[in-house]
Amino acid sequence: MATDLSLESRFRGCLLAGAVGDALGAPIEFASLEDIVDEYGARGPADLEGGIFPAGSFTDDTQMTLFVAEGLIRATQVAILNANYIAKR
């Protein structure tokens with residue numbers, strides 16, 4: 001199945017999927033498998049669960065991912081500006 005999604009759309013999809021996965025796993029991030037099975041059963045949590053933060057909250061993992069993405073965007077913009085400057089000299 002071919003798709004015509006732009007690179008930007010794919011990039012956004014990856015960031016969104018990462019944030020959703022982070023929010024789903026946040027309450028059990030540091031729990032052992034045994035603790036997870038004891039609390040939620042063998043299939044794990046079936047819904048968004050609350051923890052220290054409200055259910056559905058993402059963690060610092062998502063924040064760091066977004067900061068890295070922003071840094072890559074800014075670095076690319078600077079590189080393009082520098083390349084254009086050098087080309088015009």
Side-chain angles (χ1 to χ4, degrees):
M1 175 178 181
T3 61
D4 292 330
L5 296 176
S6 68
L7 183 59
E8 181 181 334
S9 179
R10 291 174 188 212
F11 188 69
R12 287 181 183 197
C14 288
L15 292 174
L16 179 60
V20 169
D22 186 29
L24 289 169
I28 58 172
E29 183 174 12
F30 299 108
S32 69
L33 177 59
E34 183 180 337
D35 290 342
I36 295 168
V37 171
D38 287 347
E39 179 79 20
Y40 302 103
R43 295 189 62 146
D47 256 328
L48 287 173
E49 301 287 337
I52 334 175
F53 300 105
S57 297
F58 57 81
T59 71
D60 64 317
D61 297 343
T62 294
Q63 290 174 320
M64 289 185 286
T65 299
L66 294 175
F67 289 138
V68 168
E70 182 179 358
L72 290 171
I73 291 167
R74 288 180 183 213
T76 300
Q77 291 169 342
V78 168
I80 290 169
L81 289 173
N82 286 339
N84 288 339
Y85 176 76
I86 291 169
K88 290 179 182 179
R89 290 182 91 194

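Keep in mind that what you see is a predicted model, and the values were worked out from it rather than measured.
F58 places none of its side-chain heavy atoms less than 4.5 Å from the side chain of V20. Looking at E29 and D61, their side chains come closer than 4.5 Å, going by heavy atoms from C-beta outward. Between I28 and P45, the closest side-chain pair of non-hydrogen atoms falls below 4.5 Å.
Separating the CG atom in L72 from the CZ atom in F11 is a distance of 6.5 Å, to the nearest 0.5 Å. Atom CZ of F67 and atom OG1 of T62 lie 11.0 Å apart (nearest 0.5 Å). Here CE of M64 is found 7.0 Å from OG1 of T59. Values are rounded to the nearest 0.5 Å. Taking CG of D22 as the start and CG of D60 as the end, the distance is 7.5 Å to the nearest 0.5 Å. Rounded to the nearest 0.5 angstrom, S32 OG and D38 CG are separated by 7.5 Å. Expressed to the nearest 0.5 Å, how far CD of E34 lies from CD of E39 amounts to 13.0 Å.
Summarising the geometry of P27 relative to A23, their closest heavy-atom pair is CD-O, 3.7 Å, with the distance given to 0.1 Å. Here the closest heavy-atom approach between residue S57 and residue A26 is recorded as O-CB, 3.9 Å.
If you chain together hydrophobic residues whose side chains sit under 4.5 Å apart, L48 and L16 fall into the same group.
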